[in-house]
Each structure stands twice: as structure tokens, then as C-alpha cells.
2 protein chains.
Amino acid sequence: MFFVSLIPIRSGSPGEDSERSDAARNRERLLVAARELLDECGVGSLTMDKLAVRAGVGKGTVFRRFGSKAGLMMTLLSDAEADFQRKFMFGPPPLGPGAPPLERLVAFGSGRIGYILEFGDLARLAETSTRNKFEVPAVLLWHSHLEMLLRAAGMNADPYLMAGALSATLDTDRILHAVRAQGITPERLAESWRELVTRVVRQD
Amino acid sequence: MFFVSLIPIRSGSPGEDSERSDAARNRERLLVAARELLDECGVGSLTMDKLAVRAGVGKGTVFRRFGSKAGLMMTLLSDAEADFQRKFMFGPPPLGPGAPPLERLVAFGSGRIGYILEFGDLARLAETSTRNKFEVPAVLLWHSHLEMLLRAAGMNADPYLMAGALSATLDTDRILHAVRAQGITPERLAESWRELVTRVVRQD
DNA sequence: ATAAGATCCGGACCGCAGTCCGTTTAGATC
DNA sequence: GATCTAAACGGACTGCGGTCCGGATCTTAT
């Protein structure tokens with residue numbers, strides 16, 4: 001068994017322990033500049049060079065602070081991500097605890113679809129890391145949450161891999177492609193997810 | 001309903017209609033050089049510059065012939081891909097026609113897992129196209145094949161999206177990560193797929 | 001054979017993410 | 001306030017996929 005911290009996202013907050021003042025200032029400048037550029041030009045034309053110029057810092061500084069473009073995106077997403085995590089771990093049912101496992105599974109799918117529709121462009125970039133997209137802490141947390149729900153629902157056929165399979169079904173690219181390129185409504189996607197998990201957990 | 005040609009892959013064969021002789025010669029040189037470089041250096045260190053030098057052609061020629069790195073990979077994969085397509089469309093049961101739909105679904109998963117384990121590195125690169133990885137002809141064919149099998153098995157809950165969901169489960173990156181980084185055996189993956197499709201098509 | 005013209009060639013060029021390293025600066029110590 | 005050091009800075013640099021266009025080459029018509 002492995003452990004995933006509650007909110008496993010590196011925070012962009014200034015109160016980080018032992019960070020030099022200029023470093024904190026530059027981080028803040030970069031985050032502000034990044035949000036501005038995203039608002040103005042869209043996610044497609046955000047480059048690390050432009051960002052550095054806009055923030056008035058050197059390019060090296062950008063990468064020292066965030067490691068990579070994906071790392072920057074994760075930081076930008078951290079608030080929304082933490083919010084979603086809180087909802088499915090501690091929030092009200094059916095997404096949070098209190099509802100039967102199957103209902104929580106269904107709600108998780110809807111929630112994640114909504115999350116992707118709102119932050120999909122950032123999330124997609126956050127996944128194109130040098131590291132594998134499966135090793136992102138948030139993804140590991142989703143996975144273990146699904147696995148927990150599957151076990152709670154009585155699933156006894158390799159819940160670990162089954163959680164991975166269900167997780168793949170909610171892949172960011174797939175959802176975005178379905179909605180944007182194929183014109184499939186989020187409701188239809190959510191309904192399909194409901195069918196899927198219902199059939200998967202149904203006991204013999 | 002849409003139509004997917006049997007072997008929807010652009011072939012690297014020299015008999016292509018109306019191609020200038022130097023063009024055909026260079027395509028052949030490039031394919032040979034690409035296979036040599038892949039054998040010698042591995043897929044990770046194949047760059048388009050190296051390839052051009054090795055084949056003794058200009059870089060522009062590489063991109064005119066194959067459009068992109070992904071296009072080159074698709075061409076390199078076309079034989080293996082066509083072979084797999086023939087097997088699940090016309091080959092012997094349980095993968096080919098003749099077996100019950102559920103058995104064909106199960107066999108399709110095993111077959112695809114095997115395919116990925118053999119050609120995964122190339123396939124992964126072939127998917128990182130400028131175009132969306134869902135619009136690759138081969139992927140469309142797999143999808144419609146799964147949809148057909150689901151319908152044949154009596155699935156009546158949005159077979160189109162359900163086929164997409166199952167397809168996502170067999171995602172190249174996911175399978176490779178499971179086997180290589182997590183040490184999960186292909187047999188266990190195949191068994192999990194069997195469980196999944198069995199539960200999905202089971203009628204009420 | 002030769003001329004015309006469509007096709008193809010090659011390598012300089014671009015934009016991008018990410019790295020490197022000499023220089024600067026924050027902040028702790030005296 | 002002077003000094004010292006670890007940390008941060010910045011921008012030139014690399015390697016990559018992909019584009020561009022003037023010039024070379026194959027093919028066809030005459």
C-alpha cells in the first residue's frame with residue numbers, strides 16, 4: 001500500500017519554507033504574468049520565452065521555479081485541483097462520503113468531466129511532462145480513490161487494474177476530443193460513464 | 001455511419017501511383033535508414049536530422065515524404081498494423097469472425113496488448129501527431145470494430161461511447177507504463193480486460 | 001534531341017522547451 | 001557596516017521538429 005498526501009500539489013503560495021525573498025517575488029510575478037498571458041492569448045500561444053519577458057525575469061528563472069512547462073501548469077491548476085480533491089474526499093454526497101459506493105463512482109465521473117471541461121487545456125499541458133503522466137500525484141490520488149470505491153462496492157476482480165481502466169476512460173484528451181471535435185454532450189458522456197461503472201461493479 | 005478502408009495506412013511500397021523515380025528512391029532510402037537507426041540506437045535517439053544524414057538526403061525531403069515524425073512511424077508500422085487488422089477482421093477465431101462476440105472482444109484485448117508490447121515504442125511516437133491521436137485511421141478502425149462487437153453482443157447502451165471507453169482502456173501509454181514501470185504482467189492485464197468486457201456486455 | 005514545366009531536392013532557417021554557467025544578490029555572521 | 005557563502009539570476013546556447021524557397025532534376029510533348 002502506498003500513501004498519497006491529501007493535497008499533493010506543490011503550492012504557489014509565498015509562505016513556502018526558506019525561500020529567498022527575490023525567489024518568492026519572481027514566482028509571484030511569473031504566476032501573474034502566466035494568468036495574464038493565458039487570458040489574453042489563449043493556452044496555445046503561451047511560450048516560456050514570452051512568459052519570462054512578460055514577468056521581467058530571465059528564462060532560467062522560469063525553469064528553476066517550475067521545473068518545466070508542465071510544472072507551471074500544475075501550479076496554476078493547484079487551486080482547482082485541491083478543490084476537486086476536497087470535494088470527492090470530504091465534500092457532501094454523492095461525490096463525497098456518505099453515499100453508496102456506486103453512486104459516488106457515478107458522481108466522480110460527472111465531476112471529473114466537469115473539471116476537464118473547465119480546465120482541460122491547462123490539464124492537458126500539465127500532463128505532457130518529462131515524467132510519465134501516470135506519475136502525477138493528482139492522478140495517483142484519483143486512481144486510489146477509484147480503487148477504494150471499487151473495493152467498497154464489492155469488486156473483487158483486480159480492483160487496482162480496474163481502477164486504472166476506469167481512469168483511462170476519463171482521460172483528459174479523450175473527453176476533450178469527444179466534446180470539442182465530436183460534439184458529444186457532457187451529459188451523454190456522463191451517462192455512458194454511469195452505464196460503465198454500473199456494469200463493472202454489478203455483482204454476480 | 002462512416003467508412004474505413006480495409007488497410008487505411010499509407011503504404012511505403014514503391015509501386016505508388018505517379019511518383020517520380022527520385023522520390024521513390026529517396027523514400028526507400030529513408031525507410032532503410034530509419035530501420036537501421038532504430039535497430040542501432042533505439043527509438044529514443046532517432047531524430048529527423050540524423051535520419052536525413054544517414055539516408056543521404058536533405059531534411060526537407062524527409063518531411064515531404066512522411067509529413068511528420070509520426071507519419072514516418074506510421075509508415076514503419078504499416079505492415080504490422082495491417083497484419084493485426086487482417087487477423088481481427090478475417091483471421092481465425094476467436095480473434096476473427098466465427099467466435100461469439102464476447103470471446104472476440106476478449107481476444108481483441110489480448111491481441112492489442114501483444115501488439116503494444118511488440119511495437120509500443122513506435123506506436124507511441126506514431127500517436128504524437130500534430131493531428132489528434134484519435135483521428136488516426138487505424139484507431140478509428142479499432143473503435144468501429146469494438147463497437148460492432150458490442151452491438152453483436154447485445155449492448156444497447158450507447159455502444160459508440162462504450163467502444164471509446166474500452167478503447168481508452170487499451171491505450172498504448174497505459175499498457176506500456178503498466179508493464180514497464182509497474183511490472184504488471186501482460187497476462188494480468190489481459191485478465192483484467194477479460195473481466196472488464198465480460199461485465200460490460202453482460203445483459204440485465 | 002530538346003525544350004518546357006511540374007515535381008522534387010537540400011539545407012538554411014524558425015520557434016520552441018529546456019540547459020549551462022559566469023555573475024549578482026540576499027541574508028546570516030561577526 | 002563589512003564580509004562571506006549559498007542561493008538565485010539571466011540570457012546565450014543546444015537540440016529538436018518542422019517550414020521555406022531558390023535551384024536541380026525527372027518526365028512529357030514536340
Side-chain angles (χ1 to χ4, degrees), chain A residues 12 14 16-31 33-34 37-38 41-76 122 124-133, chain B residues 12 14-31 33-34 37-38 41-76 121-122 124-133:
Chain A
E16 210 74 5
D17 58 329
S18 75
E19 180 172 65
R20 242 169 66 168
S21 61
D22 50 351
R25 172 175 45 83
N26 283 334
R27 158 180 293 137
E28 215 49 43
R29 277 189 193 172
L30 282 166
L31 289 176
L37 284 177
L38 285 175
C41 311
V43 64
S45 57
L46 173 67
T47 72
M48 299 305 255
D49 290 85
K50 280 193 213 167
L51 175 60
V53 171
R54 176 70 165 247
V57 304
K59 197 177 180 181
T61 300
V62 185
F63 283 90
R64 198 169 328 97
R65 284 281 86 78
F66 301 105
S68 66
K69 193 173 184 177
L72 169 65
M73 296 305 171
M74 283 189 230
T75 303
L76 287 176
L122 288 187
R124 157 182 272 164
L125 276 182
E127 286 167 8
T128 55
S129 171
T130 46
R131 280 213 173 100
N132 205 303
K133 74 174 179 180
Chain B
E16 211 76 3
D17 59 329
S18 75
E19 178 171 68
R20 244 171 66 169
S21 60
D22 49 351
R25 172 177 46 83
N26 282 335
R27 158 179 295 138
E28 215 48 44
R29 276 189 193 171
L30 282 166
L31 289 176
L37 284 177
L38 286 175
C41 310
V43 65
S45 57
L46 172 67
T47 72
M48 299 304 255
D49 290 85
K50 279 193 212 167
L51 175 60
V53 171
R54 176 70 164 249
V57 304
K59 196 177 179 181
T61 302
V62 186
F63 282 91
R64 198 170 327 96
R65 284 282 83 79
F66 301 106
S68 65
K69 192 172 186 179
L72 169 64
M73 295 306 171
M74 283 190 227
T75 304
L76 288 175
D121 293 302
L122 288 186
R124 156 183 273 167
L125 276 182
E127 286 167 8
T128 55
S129 171
T130 45
R131 279 214 172 97
N132 207 303
K133 75 174 181 181

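Here is the naming used below: chain letters follow the sequence lines, and residue numbers restart at 1 for every chain.
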Heavy atoms under 4.0 Å, any strand shown: does [X] hit a base, just sugar-phosphate, or nothing?
X: A/Leu125; value: nothing
X: B/Leu46; value: sugar-phosphate
X: B/Arg65; value: sugar-phosphate

Within less than 4.0 Å of OP1 or OP2 of [N], is there a side-chain N or O belonging to [X]?
X: B/Ser21; N: D/dT27; answer: yes
X: B/Asn26; N: C/dC8; answer: no
X: B/Arg64; N: D/dT19; answer: no

Minimum-distance nucleotide to [X] side chain [options: [options]]:
X: B/Asp49; options: C/dA26, D/dG17, C/dC8; value: D/dG17
X: B/Thr61; options: D/dG17, D/dG10, C/dG10; value: C/dG10
X: B/Met48; options: C/dA17, D/dG17, D/dC26; value: D/dG17
X: A/Asp22; options: C/dC8, C/dA26, D/dT19; value: C/dA26

If I take atom CZ in residue A/Phe66 and atom C1' in nucleotide C/dA17, what distance separates them, rounded to the nearest angstrom? 16 Å
Toward the 5' end of DNA chain C, by each residue's nearest nucleotide, B/Ala23 or A/Lys59: B/Ala23
B/Leu46 and B/Lys69 have their tightest heavy-atom pair at O-NZ, 2.8 Å
Suppose we call a contact any N or O donor and acceptor under 3.5 Å apart; does that hold for the side chain of A/Arg20 and the base of D/dA8? no
